[in-house]
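We count residues from 1, following the sequence as given. Note that this is a predicted model, so its numbers are computed, not measured.
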Amino acid sequence: MPGSVKLRSEIIWIKFCSRYCRRPIYGPFKYYAQSIKAIFTVLDMLYCRFALQFRFASCREICMMIFGSICAIIHGSAQPLMLLVFGMLTDTFIEYDIELNELTDPEKVCVNNTIQWRNLTEEENLALNMTKSCGLLDIEYEMTNFAYYYVGIGAGVFILGYLQISLWITAAARQIQIIRKMYFRKVMRMEIGWFDCTSVGELNTRMSDDINKINDAIADQVGIFIQRFTTFVCGFLMGFAKGWKLTLVIVSVSPLIGVGAGLMALFVAKLTGMELQAYAKAGAVADEVLSSVRTVAAFGGEKKEVERYDRNLVSAQRWGIRKGLIMGFFTGYMWFIIFLCYALAFWYGSSLVVDTQEYSPGTLLQVFFGVLIAALSLGQASPCLEAFAAGRGAATIIFETIERKPEIDCLSEAGYKLDKVKGDLEFHNITFHYPSRPEVKILDQLNLQVKSGETTAFVGPSGAGKSTAIQLIQRFYDPKEGMVTLDGHDIRGLNIQWLRSLIGIVEQEPVLFATSIAENIRYGRPGVSNDDIVTAAKEANAYNFIMDLPQKFDTLVGEGGGQMSGGQKQRIAIARALVRNPRILLLDMATSALDNESEAVVQEALDKVRMGRTTISIAHRLSTIKNADVIVGFEHGRAVERGKHEELLDRKGVYFTLVTLQSQGDKALNQKARQAASSDPDAERKSLNRAGSYRASLRASLHQRSRSQLSNVVPELSGKVRSGLPDDDSEEVEPAPVARILKYNAPEWPYMLFGSFGAAVNGGVNPVYALLFSQILATFSMPDPVEQRREINGICLFFVVVGLVSFFTQLLQGYAFSKSGELLTRRLRCLGFQAMLGQEIAWFDDHRNSPGALTTRLATDASQVQGATGSQIGMIVNSLTNIGVAIIISFYFSWKLTLVILCFLPFLALSGGFQAKMLTGFAKQDKEAMEAAGQISGEALNNIRTIAGLGKERNFVEMFEAQLEAPYQAALKKANVYGACYGFAQCVVFMANSASYRFGGYLVYQEGLHFSFVFRVISAIVTSGTALGRASSYTPDYAKAKISAARFFQLLDHIPKISVYSDEGDKWDHFKGDIEFIDCKFTYPSRPDIQVLNGLSVSVRPGQTLAFVGSSGCGKSTSVQLLERFYDPNSGRVLIDGRESTRANVAFLRSKIGIVSQEPILFDCSIEENIRYGDNQRHLSMDDVIAAAKKAQLHDFVMSLPEKYDTNVGSQGSQLSRGQKQRIAIARAIIRDPKILLLDEATSALDTESEKTVQEALDKAREGRTCIVIAHRLSTIQNSDIIAVMSRGYVIEKGTHDYLMSLKGAYYKLVTTGAPIS
């Protein structure tokens, strides 16, 4: 594109030179010529960039756009044309009034259509120049003609407006449909690596918002821009053609308005930047605190954080008030200049009319309003430029994607297909990293052979590369080095759709589509018969539960399979894989979600179907993998061991570690189940089900974690998780009562009162303008020139006075309402933040209450509430006063004419409503029309891996394209309705003028109404109509404010289950630190199906140290969180000094506990402040801080820093090493002087030397304190009084180090093999 721009610019330049430059260009002219050339290039470039958006327009659409543009140009000239009629109409009224004024003199009479002195002869009258005509002007007839002109222009405007809008929208609708199709088609062709680097949320936004921005830039906005620009050009042309002198005078004043507007924009932008910066700081504090809410809760820092947040809001408030003051000042200044401009224009114009008689009064109005309309049209055209810029930006991104060539094109026909497939797979020296994380090597020189017909099991810790290997087989990615071969052929040379058709995959988190069970199974293979579906369901042990459902195979599974249980979803997924009759079967935890009974049956089915097939199984359950032909142990991206079950156990490597832990856990769990079964016959089944569910969830969470570590597919996963949860936006809230909103603004009532007074005075200014304008016209028919000049001067002076009043009242209104609004925003943000920090920790686990969502809610809801108070009140008062004063003036001067015009007021208001409907209503209709297509695209993008694995990209593209027909038809309908509405909105003003001036002519002739009253009444009602339109435009903000306030009050009214601000609960003096867990069972509220603690029973006496060991996810950290009362157990009890933890005062209990976490959270402040954070209930001296630092072996390191204890640690301690962060966290816990010390991997980040020193400090700190240690290093735990080995939320062994070693159980095996405990 840039090349073509350059070429076209060169051609234009050559033409320009050939016409105007007959000789070579020398000297300074050369630089002018170069400047002109540069301008040509820039203009041409802008044209090309704008035209780029129309690249998908066919010949038909181009014709429609050209014809729409011609209609817009003619439409744009209608308003200046109306001014010609208006000028002639004014002259007619004034001429008629002059005639009436002349004939009011009893000495004058109308003879032969000439005004003559009654007592003089015809010759004498001629000598006195008595030649003024009379009796010729039929005012009613003239007004009827003018009414016809108005009706004619109005009818033309209606037709042109309709055509202009409907043609542009119709042309755009077709282009947008093509863009949507091409974009989605290209996205579905992209390789999985591209999706890793592009979030699904971003793609969904592009599909909707970005393409809508292109639509805005190529639809009606182009027509409206052409129309308004034409009005601007014609208005100025009329001004210069009819009266260049007055035009130049008016234009000479306009820089003052321009300077004012420019300065206002400059100051407001600067102050808004400052305000946003201050809010960003406050937002950063909120985000930091909400992200570290467990640390804040543990150290009782809630009140301290609210104060810190409020301190940051003060400066934002200050900038906001200054911005309001500046806006008030410049708005007042601009109104003052506008009224001065009126005064100057009418004063100088009247001198041209009265003194030199160069202009008629009508010409004066034509020139004045011509320039005014031109200036207004230019201002109204500028928002269109914003739409064009946004559309161009969006088009660049969209078209970049459309033009991008995928690295692995899944819809490509290229590649060969093998005649016979045996199923031998081999990894040759594979090195691989995910495109989203190129610095992390996932597979490192992997060499592995999988023989056809054999079952190979992949085992190893999370993140070892097992799932990655499976994804390379499916060719989701290509390796950076090495190759994967199928029967000796590099899979990169094979046809990708054919390759994937050979593979059946069952993942541990199966994805089902929002259709029936039968259709979900049919996705496995196109054209499959119902008998095959039934057979596959039977093989997967799904048939019985399907037949128990009312609609059997036609049962809808819901969004993401949400209507099915985990086990049911898994079995449908297995049936889908089996119906493919695949040569290669990939089982990624295929039976993880099943209970023991179903697992046995499905496992048997899988054993049957894998006969003669190459099968790869990833599993952590011993029962699933021990019968595999080959077991491959993965570690750090390599296959480190290979063999059968017994061989690998003898080797005591990766496989041995996994088996040891699992078998011990199973043994303990089964023992517990048998004990429970003796007292409760149903307990065994419940326990087993729970165990199965727990194993599934643990594996799922591990896999999810590993996948998010390996590649950036979080949006995909979160999309699945979210689909099962109610969305925040769908939550209906009743709008809050205004009285309650105002109650929060009550302390600012004096500001609101003064602001309302200023707004009321401002509201009266526009009707006063109507009064002065009509009075100016009245002076032109006055017979006495001296009286006329004095009257004109007086009115012009009054314009200046009104301008001054407007200046001061705008200033008052701006300051008063910005002050009251900013104080309200600050108050609400503070209250909201305080309410958030008061919630229980479980509330933060809900996806709707993520730190990002809460920070956004704090920012948007609090500021949107201003829509019901503050400046909005001022605007409503302004509009209502405007309407009130206008109606009073109108009824006072002519109630009959007022009633006639008021008949049109509903239509004027209706036209305003139509305009609002065009801007908002159709947007909602578009959204509804796009919903079905959006659901398909959302489902496709969220589940792209499953779709790619099944090779169903083309199906989804076809479904999406089919759904685009409805939005296209809706757009065509919208084009006609929108066009008619726009045409009506534009023409109704002409119709109102037609009726008003015709009836005004009747009143002037029949009832002797002064013509100036006609102009006065019409001008006043028109201003009140625009004020009514303005007032109605505030309703969306008002409604939005009430909804935001309701959400805010919902937060404030929410009563937490564990309240930190409550004074209720037990407090006792002699706190010892005696802890006992009695049969504690617990599930996290956000994951109720995962049993984390499964009857935890363990106790520790005051001063003793209890060490928890066990695999990740077994409940060690959870038990610590129950002690801190972040959560309460579902059943069982936690006793502290013999008292139930649920009855203890939360703040009191937490003040007695010090914690050092595995990943210590530090705040973005100095080292000193971070250490002081350990105790927020008393004032700590610097000596206390230094003493704590010395105990944590931190003091020497801090003193070596340039700023010592004032050194800022950075966001989340980013300026420090992990070991340094850990020591600050230890000092923070020590300064608290707690009775209970919780060390969750407290020394994990330290080197051996530092660990030894800190361990000594911790041993000292533990004296006289109860201590719970979670650690994986033997050196940390072997001296503990009690060591509790946990598995699956239950203690399987406990005792001292020596005692456990003598038992020769799980602890002994872990210690002797030197394997890590997790």
Side-chain angles (χ1 to χ4, degrees), residues 86 89-90 93-94 96-97 100-101 104 139-140 143 335 339 342-343 346 361 365 756-782 787-788 790-792 794-803 805-806 809 876-909 989 992-1031:
F86 182 66
L89 178 145
T90 308
F93 266 130
I94 290 171
Y96 180 73
D97 197 54
L100 288 182
N101 285 341
T104 50
I139 193 73
E140 280 201 83
M143 286 304 126
W335 274 111
F339 277 104
Y342 287 155
F346 286 126
L365 293 185
S756 299
F757 169 73
V761 174
N762 280 325
V765 162
N766 278 341
V768 169
Y769 157 75
L771 203 66
L772 297 175
F773 164 66
S774 60
Q775 198 59 39
I776 285 268
L777 294 182
T779 59
F780 290 131
S781 65
M782 290 172 74
E787 181 69 24
Q788 193 179 37
R790 196 174 72 249
E791 185 79 15
I792 287 168
I795 293 166
C796 290
L797 193 64
F798 203 76
F799 265 124
V800 176
V801 171
V802 171
V805 169
S806 182
T809 50
I876 290 163
V877 168
N878 186 309
S879 298
L880 292 176
T881 314
N882 192 331
I883 294 163
V885 173
I887 298 288
I888 291 165
I889 287 173
S890 305
F891 272 101
Y892 178 76
F893 286 106
S894 174
W895 63 270
K896 288 181 181 176
L897 182 57
T898 303
L899 287 175
V900 168
I901 304 171
L902 283 178
C903 294
F904 282 92
L905 204 59
F907 292 106
L908 285 165
V989 178
N993 279 334
S994 166
S996 307
Y997 286 117
R998 174 63 191 86
F999 187 62
Y1002 166 81
L1003 291 175
V1004 168
Y1005 182 72
Q1006 297 291 350
E1007 300 188 9
L1009 183 73
H1010 195 271
F1011 84 94
S1012 68
F1013 291 178
V1014 174
F1015 285 97
R1016 189 167 297 171
V1017 171
I1018 292 170
S1019 299
I1021 296 288
V1022 166
T1023 61
S1024 72
T1026 55
L1028 189 68
R1030 267 206 317 277

Would you indicate whether the side-chain heavy atoms of Thr898 and Ile887 approach each other to under 4.5 Å?
no
Can you measure from SG (Cys796) to CD (Glu791) and round to the nearest 0.5 angstrom?
10.5 Å
Quick test of your reading: applying side chain to side chain donor-acceptor pair (under 3.5 Å), list the pairs with at least one residue in residues 1003-1020, sequence neighbours left out, ordered by first then second residue.
Asp97-His1010, Glu140-Gln1006, Ser774-Arg1016, Gln775-Arg1016, Lys896-Glu1007, His1010-Ser1012
Rounded to the nearest 0.5 Å, how far apart are CE of Met782 and CD of Glu787?
4.0 Å
Side chain to side chain contact (heavy atoms under 4.5 Å, CB included) between Val1014 and Leu1009: does it pass, once the steps are laid out?
CA-CA 8 Å; Val1014 174; Leu1009 183 73; 4.0 Å; yes
Give the minimum heavy-atom separation between Ser894 and Leu1003, together with the two atoms involved.
OG-CD1, 3.8 Å
May I have the step-by-step check of side chain to side chain contact (heavy atoms under 4.5 Å, CB included) for Leu777 and Leu365, ending in yes or no?
CA-CA 9 Å; Leu777 294 182; Leu365 293 185; 3.6 Å; yes
With sequence neighbours left out, the residues meeting side chain to side chain contact (heavy atoms under 4.5 Å, CB included) with Ser996 are Ile901, Ile1018
Under the criterion ring pair (Phe, Tyr, Trp, His ring centres under 6.0 Å), which of Phe93, Phe893, Phe891 is the partner of Phe1013?
Phe893
Return the set of residues passing side chain to side chain contact (heavy atoms under 4.5 Å, CB included) with Ser806 (not counting sequence neighbours), or none when no residue passes.
Trp335, Asn762, Val765, Gln810
Results of ring pair (Phe, Tyr, Trp, His ring centres under 6.0 Å) for Phe999 - residues two or more places apart only
Tyr1002
Got a second to check how far Leu771's CG is from Asn766's CG, nearest 0.5 Å?
12.5 Å
Non-neighbouring partners of Tyr997 that pass ring pair (Phe, Tyr, Trp, His ring centres under 6.0 Å), sequence neighbours left out
Phe1015
Counting C-beta onward and ignoring hydrogens, is there a side-chain heavy-atom pair between Ile795 and Tyr342 closer than 4.5 Å?
no
Grab the two heavy atoms, one from Ala886 and one from Ser890, that are nearest each other, plus how far apart they are.
O-OG, 2.7 Å
All heavy atoms of Val1004 vs all of Phe1011, minimum pair found to be CG2-CA, 4.0 Å
Quick one: closest heavy-atom pair of Gly1000 and Leu897, and the distance?
N-CD1, 4.1 Å
Straight-line distance of Leu772 CG to Leu797 CG, nearest 0.5 Å:
11.0 Å
Should the ring pair Phe346 and Phe773 be called parallel, tilted or perpendicular, given that the plane angle runs from 0 to 90° and is split at 30 and 60?
tilted
Report yes or no: does Thr809 contribute a side-chain atom to a donor-acceptor pair with the main-chain N or O of Val761 at less than 3.5 Å?
no
In this structure, are over 12 heavy atoms from other groups packed under 6.0 Å from Phe798 atom CZ?
no
Set of residues satisfying side chain to side chain contact (heavy atoms under 4.5 Å, CB included) with respect to Tyr892, sequence neighbours excluded
none
